[in-house]
Amino acid sequence: MKKKLLTLILTMTMGLSVVACAKTESTGSNNNDSEVFSEAESFETISEDNGSNETEGNEEGGARVIDADDNMLETTVEYPNEGISFSILDDGKTVLEKLGDPASKTESGDFFTNTYYSSAEVTYSKDGDKVEIIEFKSYSDAWKTSKGITIGSTYDEIVNAYGEPSTESKEGEHCLNYFYEDGFSISFTLNDNNEVTYFVMVLGRG
């Protein structure tokens with residue numbers, strides 16, 4: 001019950017229940033403004049040719065939801081130059097130990113902490129001794145997803161790696177959003193050349 005309450009508060013406070021596109025590109029500052037995309041209330045499961053299952057919004061509209069073959073792999077990010085690799089689903093303490101000391105951090109009440117590194121931002125929650133990663137955001141090509149997408153990757157490279165997005169928005173910033181059945185999401189924000197400027201992985205999609 002306590003965990004559900006924490007998740008609800010995080011969702012209401014940060015807008016992290018779905019993948020969000022920030023209104024301005026991050027520069028390492030404490031800017032977490034976001035535009036939240038809504039999801040359909042009901043879905044219909046369909047089978048794709050590649051064997052994976054996706055869930056598609058009903059006729060009234062909504063976002064497709066992806067059933068990943070491997071959740072840990074799908075949510076893994078890598079920093080090859082430093083030999084760092086982790087999933088946002090990993091134990092939060094282990095992830096923070098791998099990242100080392102942040103350049104700065106901000107406390108947001110009793111519920112979550114934002115940490116800022118030279119090439120990434122991490123938000124986590126803490127409940128007693130349990131630490132859970134809520135969001136990972138990268139704006140440097142030092143980091144890449146498990147499917148090889150990084151800063152500078154193109155629209156076509158994203159679609160080739162992840163398939164068609166759950167939603168695509170071109171209002172404000174151009175964003176490709178992927179919602180997953182098991183409650184996480186990935187967003188890629190593109191510039192005018194259709195190249196990634198930053199990407200976000202979020203635990204929770206609504």
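In what follows, residues are counted from 1 in the order of the sequence shown. Computed from a predicted model, the values in this text were never measured in an experiment. Because only heavy atoms are used, hydrogens play no part in the values below, and waters and symmetry mates are left out as well, while side chains stay in.
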- Item | Side-chain donor-acceptor pair present, Thr150, Trp143, cut-off under 3.5 Å | no
Contacts table for residues 85-92: side-chain donor-acceptor under 3.5 angstrom, sequence neighbours left out:
unit_1, atom_1, unit_2, atom_2, d
Ser87, OG, Thr75, OG1, 2.6
Ser87, OG, Leu89, N, 3.0
Asp90, OD2, Ser87, N, 2.9
Asp91, OD2, Lys93, N, 3.3
Asp91, OD2, Thr94, N, 3.1
Asp91, OD2, Thr94, OG1, 3.1

- Can you name the residues that form a side-chain hydrogen bond (donor to acceptor under 3.5 Å, both in side chains) with Glu74, not counting sequence neighbours? Lys147, Tyr180
- Ser140: what forms a side-chain hydrogen bond (donor to acceptor under 3.5 Å, both in side chains) with it, not counting sequence neighbours? none
- Task: Start with the C-alpha distance between Glu168 and Tyr155, add both sets of side-chain angles, then the distance that settles side chain to side chain donor-acceptor pair (under 3.5 Å), and finish with yes or no.
- Result: CA-CA 11 Å; Glu168 180 174 355; Tyr155 179 100; 3.2 Å; yes
Okay, side chain of [X], backbone of [Y]: is any donor-acceptor separation there less than 3.5 Å?
{"X": "Arg64", "Y": "Glu164", "result": "yes"}
{"X": "Glu157", "Y": "Thr154", "result": "yes"}
{"X": "Thr167", "Y": "Ala63", "result": "no"}
{"X": "Thr123", "Y": "Ile134", "result": "no"}
{"X": "Thr145", "Y": "Ile149", "result": "yes"}

Only counting residues at least two apart or in another chain, list the ones meeting side chain to side chain contact (heavy atoms under 4.5 Å, CB included) with [X].
{"X": "Asn193", "result": "Asn191, Glu195"}
{"X": "Asp70", "result": "Met72, Leu73"}
{"X": "Glu97", "result": "none"}

- Heavy atoms only: give me the nearest Tyr178-Gly163 pair and the separation to one decimal. OH-O, 2.7 Å
- Query: For the atom pair CZ (Phe136) and CG (Leu203), what is the distance rounded to the nearest 0.5 Å?
  - Reply: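 If I round to the nearest 0.5 Å, the distance is 14.5 Å.
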- Task: Could you grab the distance from atom OG1 of Thr76 to atom NZ of Lys144, nearest 0.5 Å is fine?
- Result: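 These two atoms lie 12.0 Å from each other.
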- Message: Would Tyr162 and Phe188 count as a ring-ring contact (aromatic ring centres under 6.0 Å, His included) here? Give the steps.
- Response: CA-CA 11 Å; Tyr162 287 90; Phe188 301 97; 5.3 Å; yes
- Item | Passing candidate, side-chain contact (heavy atoms from CB on, under 4.5 Å) with Phe199, options Ile158, Ile151, Leu176, Thr189 |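 Running side-chain contact (heavy atoms from CB on, under 4.5 Å) over Ile158, Ile151, Leu176, Thr189 with Phe199 returns exactly one hit, Ile151.
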